Structures are given as C-alpha cells and as structure tokens.
There are 2 protein chains.
Amino acid sequence: MTQEQYSKYSFLLDRTARKVKQYAQQQFKSGDFDVTVDQWLVLKNLSENDLLSQTELANLVFKDHPTLTRIIDLLCKKGYVERVPHPQDRRSFQLHLTETGVSKVSSLRPEILQIREKAWENLSPHDFEEFKRILNTIYQNLNGESLGQ
Amino acid sequence: MTQEQYSKYSFLLDRTARKVKQYAQQQFKSGDFDVTVDQWLVLKNLSENDLLSQTELANLVFKDHPTLTRIIDLLCKKGYVERVPHPQDRRSFQLHLTETGVSKVSSLRPEILQIREKAWENLSPHDFEEFKRILNTIYQNLNGESLGQ
DNA sequence: TACCAATAGTTAGTGTGACAAATATATAAA
DNA sequence: TTTATATATTTGTCACACTAACTATTGGTA
C-alpha cells in the first residue's frame, strides 16, 4: 500500500464524523430537543456524575476549556445546569443539573439511543468492536505524551 | 449488545476525528506550512482538477457552499488561488491555482503524506480496509436520499 | 509574611460547519 | 416575450475547536 492511499483515511474520517453529527442534529431539531449534539454529551455526563468541576468534566468529554465554558453558559441560560461555587476553592465551580435538566436527560435518552442506532445498519457487532479498536489506536498513536484512555 | 453500548461510537468517532485534525494542524504549524488542514484539502483537489467551479469543488471535498466560499476567500488572499470568471456563465467562477499555489502544493505534499502515516502505527493494511469500509457504510446509512458515492 | 509557580476559569481571535436567506444570472415554460 | 423556476455564489447567524493571553485564587517555600 502506498503512502498516497494511506492518506485518504483522514478525509473519510472527517466526512463521516461530520455526517454523524449532522444527522443527529437534524433529528434533534425535528424532535424539538432544544439542545445541540454537544450540549447533549455534556448533559449526559453531568447526569452520570454530579458536582463535577469544569476541568473534570472537560477531561470526561474531551473538550477544551474554552469550548466547555461556552457550552455550560448555554446550558445555564437554558436552565438545565447551575454553577455552584465550590465550598473550598473559590476558583472553581461544581456543576449541577437542575430539576429541569434531570427530566430533560431522562426524556431524551431513549430517543437519542434510537437515533444513534441508525448508523449501524448493515454492520455487525464484530464490525463495531473493530471500529472502536481502530479509532482508539489512532487516537493513542497521535496523543503524544498523555496516553489518555 | 445493548443500545447503550452502540451509542458510544459517535463519541469515539468525533474524538478521533478531532485528534487527527488537531495533530495534523500542529504539524502544519510547526512546519510553517501557511495553510490549515482544510485549506490543504482544497488546494490538493485543485491541483488535481484545474478550472473547477466552486460547486464542483464543493462536491469533491464534501463541504457546503458557504464554507467553501470562505476557504477560497482565504486562499485567494494568500495568493494560492484565483477566481477566473467563467466564459459562458457569469454566475460562476473557474478556480485556478496560481504559480505560488502550484509550488506550495508540490512542496507540501510529501511532508503531509508523512504526517498522515503516523496514525497507522500498530495497525495493519487489513485494518485500513475495514476502517474505510465501515466509515463508508456509516456515511451511506445516514445519507438519506443522495446515496453519494 | 512575601513571593512564586501552578491551577480554575474566562475572554479574544481565527477558522470551520450547518443552515437560512439573499442576489445575480441562466434556462425553461407560458 | 414575459414569467417562473433553477443554479452559482455570497452573506448572516449560531455553535464548536483550538490557541494564546488574562484574571483570580491556591499552595508551597524562602
């Protein structure tokens, strides 16, 4: 296999990742979910781990701090999340899902699982495992120092 | 396999696609390439197909028209691309690499192939074929009407 | 105590992505 | 020929990614 051929993965990877996000976003919109795909990722992680700091959450969802700041801003504005001052450290916040946030997550979760399945038509469970393995290997190959999981 | 497990691919896919772009962009920067990753994709396609219209190019690189307009704007500002009025159709342009653009492409091409290879350490040619197959299947599953290649 | 490096978070700037709407021109239909 | 429709590109808006620079606070150490 030549170098030339190897270089195409980056194009296909980018194209497919965008399509997956775009497809989900369209479904989110037609279902009036009132959140974006990335906002959902944040909400979902907050529902599974209460009282995270922004830094802890950023490490969970693999987003950088400025991006997370803005997503949290939007989620606060929508009333799904609150920034609670950290009792010991005045630099940081504990992130907390509001009542509205909790019920938003539980009402959207099943619908979103459904949407996510569509991508796997014509593919096997073995394909799924291989896909995850390859994605993780690529990630680690490029992740220099931190070798993050 | 439960629905829950299936939903993780979208996170891994997005994370890996971002890492691939970020890694390449860092290398581009440390090598003073003077283009972004997406600008490179456009330049490369123009070097292989001269005198495309913006619509034709948009279909090649799978970017939407407004995005492409802005990338072309930047490449024109940098002097790598020219918009030549279409001789028959006054609505459209033929895109043309300048001298500078041509030499930029040929000087960067080998360096970029090198950068792209890094992702494939610890992976086999068979992995590569499976990866492409799965990416393309997912893309087509979500691509509703147009069934684009 | 006073200094200093590290940490938490924000702000600003640039580039990109998706979508809707606007403009200009071309082409087909009445 | 006039009208309607389709096409090529641009503009505007919002969201996200990444970098760099900045503020505030913490904790260690001289």
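Chain letters run A, B, ... following the sequence lines, proteins first, then strands; residues in each count from 1. Because the structure is predicted, anything quoted here is derived from the model rather than measured.
OP1 or OP2 of C:dT10 has at least one side-chain nitrogen or oxygen of A:T69 nearer than 4.0 Å. Contact between the side-chain N/O atoms of A:Q22 and the OP1/OP2 oxygens of C:dC19 is found at a separation under 4.0 Å. The side chain of B:Q39 places an N or O atom within less than 4.0 Å of a non-bridging phosphate oxygen (OP1 or OP2) of C:dT16. At least one side-chain nitrogen or oxygen of B:R90 sits closer than 4.0 Å to the OP1 or OP2 atom of C:dA26. Regarding contacts with the backbone of C:dC19, a side-chain N or O of A:Q26 is found under 4.0 angstrom from either OP1 or OP2. For C:dA18, neither phosphate oxygen OP1 nor OP2 lies less than 4.0 angstrom from any side-chain nitrogen or oxygen of A:K21. Taking 4.0 angstrom as the limit, A:Q54 places a side-chain polar atom (N or O) nearer than this to OP1 or OP2 of C:dT10.
One interatomic measurement links the two molecules: CD1 of B:I72 to P of C:dG15, which rounds to 15 Å at whole-angstrom precision. Atom-to-atom, CG of A:L57 to P of C:dA8 comes out at 13 Å; the value is rounded to the nearest Å. A:N59 places its CG atom 13 Å from the C1' atom of C:dT7, with the value rounded to the nearest Å. In this entry the distance linking CG of B:D89 with C1' of C:dA24 reads 10 Å, nearest Å. Rounded to whole angstrom, the span from the CZ atom of B:R70 across to the P atom of C:dA18 amounts to 12 Å. The interatomic distance linking A:E56 (CD) with C:dT7 (C1') rounds to 13 Å, in whole Å. Spacing between atom CG of A:D64 and atom P of C:dA8 amounts to 15 Å, rounded to whole angstrom units. Atoms NE2 (B:H65) and C1' (C:dA20) sit 14 Å apart, rounded to a whole Å.
With B:F62 as the aromatic partner, A:R18 does not meet the cation-pi criteria of under 6.0 angstrom to the ring centre and within 45 degrees of the ring axis.
In terms of heavy atoms, B:I115 sits closest to B:A24 at CG2-CA, 4.1 Å. In plain terms, the two heavy atoms of A:K118 and B:N141 that are nearest each other are CE-O, 3.3 Å. Among all heavy-atom pairs drawn from B:T69 and B:Q54, the shortest one is OG1-NE2, 3.4 Å. Of all the heavy atoms in B:H86 and B:Q88, the pair that sits closest is ND1-N, 3.0 Å. The two residues B:I134 and A:F131 come nearest to each other via the heavy atoms CG2-CD1, 3.5 Å.
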Going by atom type alone, with no hydrogens or angles, which donor-acceptor pairs under 3.5 Å involve a side-chain atom of residues 30-37 of chain A and a protein atom two or more places apart or on another chain?
from: A:S30; atom 1: OG; to: A:Q27; atom 2: O; distance (Å): 3.3
from: A:D34; atom 1: OD2; to: A:Y80; atom 2: OH; distance (Å): 2.5
from: A:T36; atom 1: OG1; to: A:Q39; atom 2: N; distance (Å): 3.1

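Taking every nucleotide of DNA chain D with any atom under 4.0 Å from a non-hydrogen atom of chain A, the first and last of them, 5' to 3', are D:dA15 to D:dT26.
If you find the closest nucleotide of DNA chain C to A:S92 and to A:K19, the one lying nearer the 5' end belongs to A:S92. Nearest-nucleotide positions on DNA chain C place A:F93 closer to the 5' end than the other of B:K63 and A:F93. Comparing B:K29 and B:T55 against DNA chain D, the residue whose closest nucleotide sits nearer the 5' end is B:T55. Mapping B:R83 and A:V37 onto DNA chain D by nearest heavy atom places B:R83 at the nucleotide closer to the 5' end.
Nucleic acid contact class of B:T67 (heavy atoms, under 4.0 Å, all strands): base.
Nearest nucleotide to the B:I71 side chain, out of C:dA24, C:dG17, C:dC19: C:dG17. When distances are taken from the side chain of B:L74 to each of C:dT10, C:dT11, C:dT16, the shortest belongs to C:dT16.
Around the CD atom of A:E48, the shell of radius 6.0 Å holds more than 12 heavy atoms that belong to other residues, nucleotides or ligands.
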